[in-house]
Amino acid sequence: MLLVNQIRENYEGVLAGLQKRNFPNAQAILAQALEIDDLRKSTQTQRDQIQAESNAISKQIGALMKEGKSDEASEIRERTAQIKIQIKELEDQNSKAEDDLKALLYTIPNVPHSSVPAGKSAEDNEIILENGVIPELFPGKQPHWELIKKYDIIDFDLGVKITGAGFPVYKGKGARLQRALINFFLDEALAAGYTEIQPPILVNEDSGYGTGQLPDKEGQMYFATADQLYLIPTAEVPITNLYRDVIVTEENLPIKNVGYTPCFRREAGSWGAHVRGLNRLHQFDKVEIVQITHPDDSYETLESMSAYVQGLLQKLELPYRVLRLCGGDMGFTSALTYDMEVYSAAQERWLEVSSVSNFETYQANRLKLRFKGDDKKTQLAHSLNGSALALPRIVAAILENNQTPDGINLPKVLHKYLGFESI
RNA sequence: AGAGAGUUGGGUGAGUGGCUGAAACCAACAGUUUGCUAAACUGUCGUACGGGUUAAACUGUACCGGGGGUUCGAAUCCCCCACUCUCUGCCA
């Protein structure tokens, strides 16, 4: 969430940013936040003063009791009754103001970076780069949902039998392709200086709030009711939460972590014609990169993460494009997001395979993720993450783009991981 | 799942109603001494939110797992919850 001081010190900037997102009633909400904060401060000042008085009296009573002057002590004690009522009242007002402020701040999205284009929907996203060659396929080309049947490598019907729709079973070369991609992505990240993390894939409620999945996206996560645990929708949740309530030393920045996990998404109500086959699943595999940086470095880091993800796509020889998301299409918590899309040549569609975002202090504020430098001051760090990469759509594009009448030729870079070259 | 023990500052750990925001030790940081290192000595050494300041200094309040209660006063007493550890059971 935003800091009130951010709003106070840069009111015009925050307002303009929220308007770029088409955030309704921005002006009224910001004004309200400041008003509640003023109330919060004034009630705290009053409460603290009276509390100080009360503390002084208590000390005095203690001293008198020790001297055996119990008459005087009980005389003073009578005065405390009224003070207690006052404290209670101010305390209530103050904590209500705090709660109100927090509740309000939870509803305000992050302020977009200045480079974020205005716009309402995916239509307004800015295509900043296109790379790679879109293959010319032969007349009998098939979409991946046909190919996986033809070569018997991914089985949706079996998944339905043992679990339900959206839980595919990978078989034979299909399973090995999954494993090869995961290993390839992890090895690349290691070579780029990331430390590998293998986190739990169920998380508690605190972690859900830490990265912002709760309270907003509660219905999107699977929930194990007996133990009150959520199945993670992305490794971002457990990995970023490693740094919840942590004050890191400045010299340890940037922190670079990578993790492979399965991801679980209920995707309630978002099924339709465009989500056949591997395009949208309830369970899928993803390698995620996370960085915690000094605020001065986060945008440079974002560019490097974007370049890193593009490098993966180049090595996989997939045609891709990079979008800078517009204010209206960007995630709630992000300040700047690049989406990477690969071209899936049989579906003749661009598919989102990665989303790389800088959250600035928005997540760090919730997480209480801070760093301390030489000046001994603690301040909020910046957090970033990106998919590197999500497997299913990569698999879809690899299968479709490399198909021939005689089989599917797999990218060279995967051969040593696969132990075979084609399907 | 059953029984028991526990949760204090970066770490170990003392503390059963006022002298405790918290002993002591360790770690860390700064300085003195030293040819360097080490050792010794001295000092600093939690967080949050207020007030105050150009910024500091300074200052108030809260926080000893979380929440509530008793009391003039709670780390300390009472209640509820969460978590951790040990033993037993089960199990990859």
Side-chain angles (χ1 to χ4, degrees), chain A residues 1-10 33-106 198 200-210 214 223-230 238 241-253 255 262 361 364-381:
Chain A
M1 60 182 158
L2 295 182
L3 294 148
V4 209
N5 283 343
Q6 252 174 297
I7 300 172
R8 199 175 284 285
E9 286 160 19
N10 184 20
L34 292 182
E35 195 182 313
I36 296 173
D37 191 47
D38 287 337
L39 179 64
R40 193 196 110 245
K41 285 193 202 172
S42 70
T43 50
Q44 184 183 335
T45 305
Q46 290 174 62
R47 184 202 63 194
D48 286 357
Q49 278 169 2
I50 296 177
Q51 189 65 253
E53 192 184 335
S54 168
N55 289 346
I57 290 174
S58 292
K59 261 192 186 139
Q60 210 180 335
I61 290 174
L64 288 170
M65 299 283 277
K66 196 159 275 180
E67 292 169 37
K69 298 175 180 169
S70 56
D71 287 355
E72 283 181 46
S74 49
E75 210 171 289
I76 300 174
R77 190 177 302 169
E78 282 169 26
R79 280 167 46 196
T80 62
Q82 201 197 342
I83 287 180
K84 281 177 86 173
I85 295 169
Q86 281 182 305
I87 290 176
K88 182 90 174 78
E89 241 170 61
L90 286 164
E91 182 67 52
D92 288 349
Q93 286 175 30
N94 181 250
S95 57
K96 183 174 185 308
E98 271 181 9
D99 292 348
D100 289 351
L101 182 63
K102 197 171 172 186
L104 189 64
L105 290 175
Y106 267 138
Q198 202 173 102
I201 58 176
L202 278 84
V203 295
N204 58 29
E205 195 184 27
D206 286 346
S207 297
Y209 276 96
L214 295 174
F223 184 55
T225 52
D227 297 289
Q228 309 272 299
L229 296 172
Y230 295 86
N241 269 281
L242 296 177
Y243 307 98
R244 171 153 50 84
D245 292 320
V246 167
I247 300 176
V248 301
T249 314
E250 186 174 342
E251 63 201 34
N252 292 329
L253 296 177
I255 293 170
T361 59
N365 188 27
R366 279 199 195 187
L367 289 162
K368 303 218 183 334
L369 161 52
R370 292 157 291 173
F371 70 92
K372 190 181 281 197
D374 289 341
D375 57 1
K376 305 269 183 194
K377 277 194 178 170
T378 59
Q379 57 172 311
L380 293 170

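Note on naming: letters A, B, ... go to the chains in the order of the sequence lines (proteins, then strands), and numbering restarts at 1 for each one.
- Taking the C1' atoms as reference points, B:A23 lies 13 Å from B:G9, given to the whole Å.
- By the neighbour-count criterion of 12 heavy atoms within 6.0 Å, atom CD of A:Gln198 is sparsely surrounded, having that number or fewer from other residues, nucleotides or ligands.
- One C1' atom belongs to B:A82, the other to B:G89, and the distance between them is 24 Å to the nearest Å.
- Look at the C1' atom in both B:U86 and B:A74: the space between them is 30 Å, to the nearest Å.
- Taking atom C1' in both B:G13 and B:U20, one finds a spacing of 15 Å when rounded to whole Å.
- Distance noted for atom C1' between B:U47 and B:U8: 15 Å (whole Å).
- When each of A:Gly62 and A:Arg77 is assigned the nucleotide of RNA chain B bearing its nearest heavy atom, the one mapping closer to the 5' terminus is A:Gly62.
- B:G60 and B:G65 have their P atoms separated by 25 Å, given to the nearest Å.
- For A:Asn365 (side chain) and A:Met1 (main-chain N/O), a donor-acceptor pair under 3.5 Å exists by modelled atom type.
- The line from CG of A:Leu369 to CG of A:Asn241 is 10.0 Å long, rounded to the nearest 0.5 Å.
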inquiry  = Let's test your reading of the pairing rules: Watson-Crick or G-U wobble, both distances under 3.5 Å, then write RNA chain B as a dot-bracket string with ( ), [ ], | and dots.
reply    = ((((((((.[[[..)..(.....]]].(((((.......))))).((((((......)))))).[[[[[..)....]]]]])))))))....
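- Within 4.0 Å of A:Gln51, counting heavy atoms only, lie sugar-phosphate atoms of the nucleic acid but no base atom.
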For residues 85-93 of chain A, run the donor-acceptor check on the side chains, cut-off 3.5 Å, and write out each pair with its distance to 0.1 Å, sequence neighbours left out.
unit_1, atom_1, unit_2, atom_2, d
A:Lys88, NZ, A:Asp92, OD1, 3.4
A:Lys88, NZ, A:Asp92, OD2, 3.4

For residues 96-104 of chain A, which side-chain N or O atoms pair as donor and acceptor with protein atoms under 3.5 Å away, sequence neighbours left out?
unit_1, atom_1, unit_2, atom_2, d
A:Lys96, NZ, A:Asp100, OD2, 2.8

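- Heavy atoms of A:Ser54 sit nowhere under 4.0 angstrom from any nucleic acid atom.
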Show me the side-chain donor-acceptor pairs of residues 200-208 of chain A shorter than 3.5 Å, one per line, residues at least two apart or across chains.
unit_1, atom_1, unit_2, atom_2, d
A:Asn204, OD1, A:Asp206, N, 3.4
A:Asn204, OD1, A:Ser207, N, 3.1
A:Asn204, OD1, A:Ser207, OG, 3.1
A:Ser207, OG, A:Arg244, NH2, 3.0

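- Looking at which nucleotide of RNA chain B each of A:Ile61 and A:Ile247 is closest to, the 5′-most match is held by A:Ile247.
- Contacts between chain A and RNA chain B, taken as any atom within less than 4.0 angstrom of a protein heavy atom, begin and end at B:G18 to B:G73.
- B:C77 sits 33 Å from B:U59 when the C1' atoms are compared, rounded to a whole Å.
- Taking atom C1' in both B:C81 and B:G73, one finds a spacing of 26 Å when rounded to whole Å.
- Side-chain contact between A:Ile83 and A:Ile50: present, with at least one pair of heavy atoms (C-beta onward) separated by less than 4.5 Å.
- Heavy atoms from other residues, nucleotides or ligands lying under 6.0 Å from CD of A:Gln82 number 12 at most.
- Contacts of A:Ser58 with the nucleic acid, taken as non-hydrogen atoms under 4.0 Å apart, include base atoms.
- For A:Arg77, the side-chain contact (heavy atoms from CB on, under 4.5 Å) partners are A:Ile61, A:Met65, A:Thr80, not counting sequence neighbours.
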